[in-house]
Protein chains: 2
Amino acid sequence: MDIPAPSDFEARLRRIGVERYHDKHPFHALLHSGGCTLDQVRAWVINRYYYQSRIPMKDAAFMSRVEDPALRRAWRSRIEDHDGTAEREGGISRWLRLARGIGLDPDYVASTRGVLPATRFAVDAYVRYVRDQPLLAAVASSLTELFAPAIHEQRIAGLLKHYDFATPETIAYFSHRLQEAPKDVAFGLGWVLDHAVTREQQDMAAAALTFKTEVLWAQLDALHAAYVTPGLIPPGGWRPGEGLA
Amino acid sequence: MDIPAPSDFEARLRRIGVERYHDKHPFHALLHSGGCTLDQVRAWVINRYYYQSRIPMKDAAFMSRVEDPALRRAWRSRIEDHDGTAEREGGISRWLRLARGIGLDPDYVASTRGVLPATRFAVDAYVRYVRDQPLLAAVASSLTELFAPAIHEQRIAGLLKHYDFATPETIAYFSHRLQEAPKDVAFGLGWVLDHAVTREQQDMAAAALTFKTEVLWAQLDALHAAYVTPGLIPPGGWRPGEGLA
């Protein structure tokens, strides 16, 4: 059986985004169209913080398994983008600015109290995946960034149009990701195309990317169920009125 | 039972260095006094490379478990010091310069072929320790850096005095470590003193530091046995003549 060419393999990866990326989730349609209440936006910001906060840990877990200093060096900027440097604010701090902008206490959000258990399970599964799976699967799982620019552009436009809290300052996280993500994903995609040279490896990479779309989707399912329909907040989950600034 | 004061606890940690740090190992006496043959220096450089190469992986493993962005940021410079940045050469590259300076092929050294199995076991145990043990133990295990400046100064003086290959260029690794290590260890020691506030925690930190001295000592035992006395190189270990530039 012939091995699909890199361009066909890349098309296969991109189809996973078309079919499974969380831009298709009804919660995002609600958010971007101005249909969310302020409390629903708050619930999203609180839960999504948990994902943001674990991304540098995921990237460090990846680097802890990489024997090649050049690959570690290339990957390190992801941690810098999220954690910041002496000169540059990082994404986590920008996310807390968004939290402040919608009336939440940033310390409450950073404490991760009130995060839905299902959010934790999904995100922790991702960190564990990157720690335990073959490097090819770990890199491929990061390729949801291929699909992120479109959703960030929709989000920036939708938030600015529909919500009073949205200003270039409060939503700076997204505009920065538009600048940061393309270099990461270009590197990651190139690496995966270079290293998935057998059909088994291509299947592994596709499975990893599919897994990652599930990690993202599951977070929105939990959010939607808790705060939209049926609105059944599980014990321990954030309740409107808590964690306000 | 009273909890020992921080100053007494620090003194306890420093005693571990006095009693167990690998500056006491006969291989170091041989190396620093000019008693090593060129092949014995080569064996040391090949094996010690494996330790150097795993240090950034160890530090990334640590960061992968840290939930506090500020602590991750403080720790990240260790990885930069070893892997380098766009502007600055890193320690691993400087170590390969030393390898080149003693006639070894840097690619051979970087391949880690010829590293003694006992070196791998000790170093891999350290990386695993930092990945698996409580954060306090992980930080405390880094405190052998408390004892490193003295050995680096001895080494720089001893190598320059006794060996033709030693120039400021070939041994730049050690002079840089003299500049880098103090900030790391000041941070690490402060963190351990702040976080080891019960007797059990102090015992855990002392045990972690003891473990780390064992990791360092075991590498020199293996080196000494293979290349000095009795000079019994195990299967797979580097043999003089291999890996030359």
Side-chain angles (χ1 to χ4, degrees), chain A residues 49-97 106-107 109-113 115 120 123-124 126-132 135 138 183, chain B residues 49-97 106-107 109-113 115 120 123-124 126-132 135 138 183:
Chain A
Y49 176 83
Y50 189 73
Y51 176 72
Q52 311 290 5
S53 76
R54 263 50 188 175
I55 291 300
M57 298 170 70
K58 178 273 292 183
D59 287 319
F62 176 75
M63 288 174 59
S64 79
R65 305 176 52 212
V66 172
E67 298 179 359
D68 174 10
L71 178 54
R72 283 199 303 266
R73 246 187 332 264
W75 209 265
R76 203 176 60 212
S77 68
R78 295 171 188 244
I79 300 184
E80 292 166 12
D81 287 344
H82 278 87
D83 281 346
T85 68
E87 298 80 33
R88 280 189 294 120
E89 187 185 18
I92 290 177
S93 159
R94 279 188 210 105
W95 193 266
L96 292 175
R97 250 203 273 163
D107 289 340
V109 175
S111 78
T112 76
R113 292 200 309 276
V115 169
R120 292 185 195 274
V123 172
D124 293 351
Y126 180 37
V127 178
R128 239 182 351 257
Y129 188 92
V130 170
R131 176 170 296 154
D132 295 340
L135 286 191
K183 77 167 160 34
Chain B
Y49 176 83
Y50 190 73
Y51 177 73
Q52 311 291 6
S53 76
R54 263 50 189 174
I55 292 298
M57 297 168 72
K58 178 273 294 183
D59 287 319
F62 177 75
M63 287 174 61
S64 79
R65 305 176 52 210
V66 171
E67 299 180 359
D68 174 11
L71 178 54
R72 282 199 305 266
R73 246 187 331 265
W75 209 265
R76 203 177 59 214
S77 68
R78 296 171 187 245
I79 300 183
E80 292 165 14
D81 287 344
H82 279 85
D83 281 345
T85 68
E87 299 81 32
R88 281 189 295 118
E89 187 184 16
I92 289 176
S93 161
R94 280 189 209 103
W95 193 266
L96 293 176
R97 251 203 274 164
D107 289 340
V109 175
S111 78
T112 77
R113 292 200 310 275
V115 169
R120 292 185 195 272
V123 172
D124 293 351
Y126 180 37
V127 178
R128 235 177 1 251
Y129 188 93
V130 170
R131 177 170 294 155
D132 295 341
L135 286 190
K183 76 168 161 34

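We name chains A, B, ... by the order of the sequence lines, and we start the count at 1 in each one.
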(message) Please classify the contact of B:T85 with chain A as side chain, backbone, both or neither, using a heavy-atom distance under 4.5 Å.
(response) both
(message) Between A:A86, A:S77, A:G90, A:G84, who has the most heavy-atom pairs with chain B when the cutoff is under 4.5 Å?
(response) A:G84
(message) Given B:P69, which partner from the list A:I92, A:I79, A:L96 fulfils the side chain to side chain contact (heavy atoms under 4.5 Å, CB included) test?
(response)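 Answer after filtering A:I92, A:I79, A:L96: A:I92.
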(request) Check whether any side-chain heavy atom of B:R72 sits under 4.5 Å from a side-chain heavy atom of A:H82, and report yes or no. (result)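 Result no, sub-4.5 Å side-chain heavy-atom pair not found.
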(message) Quick check: closest heavy atoms across A:A61 and B:S64, and the distance to 0.1 Å?
(response) N-CB, 3.3 Å
(message) Under a 4.0 Å threshold between the charged nitrogen and the carboxylate oxygen, would B:E67 count as salt-bridged to A:R54?
(response)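 Result for this pair is yes, salt bridge flagged.
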(message) Heavy-atom cut-off 4.5 Å, strictly under: side chain, backbone, both or neither for A:R65 against chain B?
(response) both
